[in-house]
Every structure is written in C-alpha cells, then in structure tokens.
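To keep things clear, I will list the structure first and then write my remarks on it.
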Amino acid sequence: FKGKRVIVTGAGRGLGAAFAVVLADAGAEVIMTGRNMENLASLAGSIKLRTGKRPETLHIDLADISQVTLTAKKMRDNGTPLDILINNAAIYLPGKGMDTTSDILEKQFRLNLFAPVLLIREFAAQIPEDGQGKVVNISDAKVFRHQADHFAYRLTKAAINEMTLMFALELAPRITVNAIAPGVMLPLAGRE
C-alpha cells in the first residue's frame, strides 16, 4: 500500500478507524471521512504518532447526497487521483418491516446505498483506462441475519451485495470491486 491514496468512509470509529490505522501502517496515504471531526482528528493524531504522517480528514455527511456529490467532485478535480475507495460508512436504525417508517428507509438507503454508488461513480471517473483501482464495500454484518427488527439495514446491505456485483462486472478489469461481510459485530443501535 506504500504510496497508494486510500479514502475510508466512516473512519471515525469501528471498522473504518481500524482500516485507517492498518492502511496507514502499511504506508498508504489515508483520507478519512466522517461526520464527527473530533473522532477523526483524534485518530489522525494517533496515526501520526504511529507513522509520522498525519492522514487527511474530511467532514462529510453521507446521508446528504449533495455533500457526497460535491466532495467527490472536489476530490476528482483536485488532480490527485485515488487508488482505493473503502465504502465503510453506514447507519443502523432498528425497526421491523411493518414498523419501519419511510423516513428510516430513506435515510438508510441514502447513506448505506446511494452514497456508495455515487462515490464509486466519481472514483471510477478518475481512474484512467489503463489504470488499476480498487473498491471495497462493507456488506452485511452477520449478527443481524436472523433478527426481524433490522429490516431497513438488512435491505440496504443486501442491495450493497448486488450493487457490488454489478459494478464489478461493469468496471472490470480496470477497477476491482469487492464486498466484505465482516461477521459478527456489536450493533450500535440508534447510533448514527
């Protein structure tokens, strides 16, 4: 990963923070995004102590599609291409199918699915035809598999798997697109 530019969404905590640390340790130039700048700044400071290089941090609310579009366009237009995109950010708002409101569905689909789609499209636009880009989408956390009160979250994660397959077919061999299902994780119920 030495010299590779990697963007990690939702890097302020959890898996995103772990990805940022491991990639920075491996020599990547990490760009961390999230909504909590305090968490991002603290992690960036820790990474600088470990590696001697402070990662870039970007405040972005991925549930706001206009922010996603503007940030992705700015990153593409600044002339420094990315090598790897890790779509990690997600929200989990509990609710059974019959109880899930349209607001919960819309918010989870905007952040968990629409934002990754838009980021992949912008990322792909900056990879040259003879280039090699990588996209990693964080998919289903298996802890939710047989629980009925995770309806909207499970829908978005199932859609991530299908979206990953479609982009993998469309963008190959120039860009490799994969999904990772991290396995059992502690849920952050009601946390955004």
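These numbers come from a predicted model, not from an experiment. We number each residue from 1, following the sequence as shown.
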* More than 12 foreign heavy atoms under 6.0 Å from CZ of Arg174: is that the case here? -> yes

For [Y], does its backbone N or O pair with a side-chain atom of [X] as donor and acceptor, under 3.5 Å?
| X | Y | result |
| --- | --- | --- |
| Thr51 | Ala24 | no |
| Gln67 | Asp61 | yes |
| Asp83 | Arg5 | yes |
| Asn88 | Leu15 | no |
| His59 | Met37 | no |
| Lys157 | Ile138 | yes |
| Thr156 | Tyr153 | yes |
| Ser46 | Ser42 | yes |

* Asked: Should Glu38 and Leu40 count as side-chain neighbours, where that means a heavy-atom distance under 4.5 Å?
  -> no

* Structure fact -> Output for pair (Ile31 CD1, Thr71 OG1), nearest 0.5 Å, gives 11.5 Å

* Chi angles and distances behind the side chain to side chain donor-acceptor pair (under 3.5 Å) call for Ser66, Asp64 -> CA-CA 6 Å; Ser66 63; Asp64 182 341; 2.6 Å; yes

* To do: Considering only Ile, Leu, Val, Met, Phe, Trp and Tyr, and joining two whenever side-chain heavy atoms are under 4.5 Å apart, list the other residues clustered with Leu165.
  => Leu169

* Would you check if there is a donor-acceptor pair between the side chains of Ser139 and Asn161 at a distance under 3.5 Å? => yes

* Could you tell me which residues satisfy side chain to side chain contact (heavy atoms under 4.5 Å, CB included) with Glu122, sequence neighbours excluded, listed by chain and number? => Ala72, Arg76

